[in-house]
Amino acid sequence: MKKILLLTFTATFMFLLNSTSTAAQDKKFEITGASYYSTGMFQSNVIGEVSLGYDVTKTVSLSLNGMTGNLYSSDKTWGASFEVGAKPKICERFFMIPSLEVGALGGMLNGTHYNIRAFAGLGVEARFMLYDNFFCGFESKFMSAGAGLETFLFGLKLGIKF
């Protein structure tokens with residue numbers, strides 16, 4: 001099973017590297033990874049996130065996000081969300097992306113264990129296209145899951161479009 005997953009990952013990565021024949025605006029899907037610093041409700045100050053996104057139009061995108069913290073601890077924190085963003089182009093390779101998200105959180109939040117808790121969030125990302133497929137960015141988010149369960153997240157993102 002590990003060999004099949006490794007071969008699939010390698011083939012997908014090679015396909016993505018060689019698919020530079022179209023411009024980045026023509027590529028609809030993206031995968032991003034982010035690392036955030038949390039100033040509020042999360043037990044861990046470092047939160048990781050993986051996102052799968054789709055560009056509906058050149059200026060509107062949708063994404064599914066999964067986040068977690070404290071992977072090797074008994075007091076894990078987790079979350080999943082659906083996000084809608086606008087992608088206004090500032091200059092040739094630079095985008096400012098405001099977004100709205102809704103989702104669910106669980107685990108240790110403010111020192112208390114929650115099975116599941118709904119949340120809403122606002123964010124803004126400054127994205128720079130390094131190459132046709134690759135981008136990096138800085139993102140800031142505000143997330144609220146109710147009174148006393150708010151946080152600001154600040155972090156770096158890396159991603160690939162295909």
Side-chain angles (χ1 to χ4, degrees), residues 12 16 24-131 133-162:
T12 303
L16 294 174
Q25 289 85 9
D26 296 334
K27 297 176 182 173
K28 297 285 188 184
F29 291 95
E30 65 183 45
I31 296 174
T32 61
S35 180
Y36 296 106
Y37 178 79
S38 172
T39 62
M41 68 178 153
F42 292 109
Q43 192 74 12
S44 169
N45 286 342
V46 178
I47 303 294
E49 180 181 72
V50 175
S51 301
L52 178 61
Y54 177 75
D55 291 344
V56 179
T57 66
K58 288 185 179 183
T59 57
V60 176
S61 66
L62 305 174
S63 68
L64 293 173
N65 309 322
M67 66 177 68
T68 189
N70 288 345
L71 282 177
Y72 300 108
S73 175
S74 62
D75 55 353
K76 292 175 181 59
T77 303
W78 60 269
S81 66
F82 176 75
E83 186 173 15
V84 177
K87 290 186 176 181
K89 186 184 246 186
I90 305 301
C91 58
E92 184 60 31
R93 293 179 164 243
F94 184 69
F95 296 84
M96 242 0 191
I97 306 170
S99 62
L100 298 168
E101 69 180 314
V102 294
L105 295 171
M108 292 300 284
L109 305 171
N110 274 356
T112 305
H113 185 272
Y114 291 93
N115 288 332
I116 192 164
R117 188 87 184 191
F119 80 92
L122 297 169
V124 65
E125 176 187 353
R127 178 181 290 185
F128 183 76
M129 297 300 295
L130 296 171
Y131 191 64
N133 311 39
F134 300 104
F135 60 88
C136 66
F138 173 79
E139 186 169 25
S140 177
K141 291 185 183 185
F142 172 75
M143 297 169 58
S144 177
L149 293 175
E150 298 95 13
T151 190
F152 282 99
L153 298 176
F154 304 96
L156 299 174
K157 272 187 156 181
L158 290 174
I160 186 168
K161 293 185 79 66
F162 56 98

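Along the sequence shown, residues carry numbers from 1. Because the structure is predicted, anything quoted here is derived from the model rather than measured.
In summary, the side chains of Ser81 and Asn65 do present a donor paired with an acceptor at a separation below 3.5 Å, with no hydrogens or angles considered.
Separating the CG atom in Leu122 from the CD atom in Glu83 is a distance of 10.0 Å, to the nearest 0.5 Å. Atom OG of Ser99 and atom CG of Leu62 lie 11.5 Å apart (nearest 0.5 Å). How far CG of Asn70 is from CH2 of Trp78: 15.0 Å, rounded to the nearest 0.5 Å. Ile97 contributes atom CD1, which lies 9.5 Å from atom CD1 of Ile90 (distance to the nearest 0.5 angstrom). Atom CD of residue Glu125 and atom OG of residue Ser61 lie 8.5 Å apart, to the nearest 0.5 angstrom. Separation of atoms NE2 (His113) and OG1 (Thr77) is listed at 8.5 Å; rounding is to 0.5 Å.
The existence of a salt bridge linking Asp55 and Lys161 is confirmed by a sub-4.0 Å separation between a basic side-chain nitrogen and an acidic carboxylate oxygen. A salt bridge links Arg127 with Glu30; the closest basic N to acidic carboxylate O contact falls under 4.0 Å.
With sequence neighbours excluded, no residue satisfies ring-ring contact (aromatic ring centres under 6.0 Å, His included) with Phe94.
With Asp75 contributing its side chain and Met108 its backbone, the two residues share no donor-acceptor pair below 3.5 Å. In this structure a side-chain-to-backbone donor-acceptor pair under 3.5 Å is missing from Ser73 to Lys76.
For Tyr54 and Phe29, the distance between ring centers is under 6.0 angstrom.
Looking at Thr32, Leu158, Leu156 one by one, the single match for side chain to side chain contact (heavy atoms under 4.5 Å, CB included) with Cys136 turns out to be Leu158. If you run side chain to side chain contact (heavy atoms under 4.5 Å, CB included) between Tyr36 and each of Asn45, Leu153, Thr151, only Leu153 comes through.
Counting only residues at least two apart or on different chains, the salt bridge (Lys or Arg N to Asp or Glu O under 4.0 Å) pairs with a member in residues 93-114 are Glu101-Lys141.
Nearest heavy-atom pair, Ala145 versus Leu105, reported as atom, atom and distance to 0.1 Å: CB-CD1, 4.2 Å.
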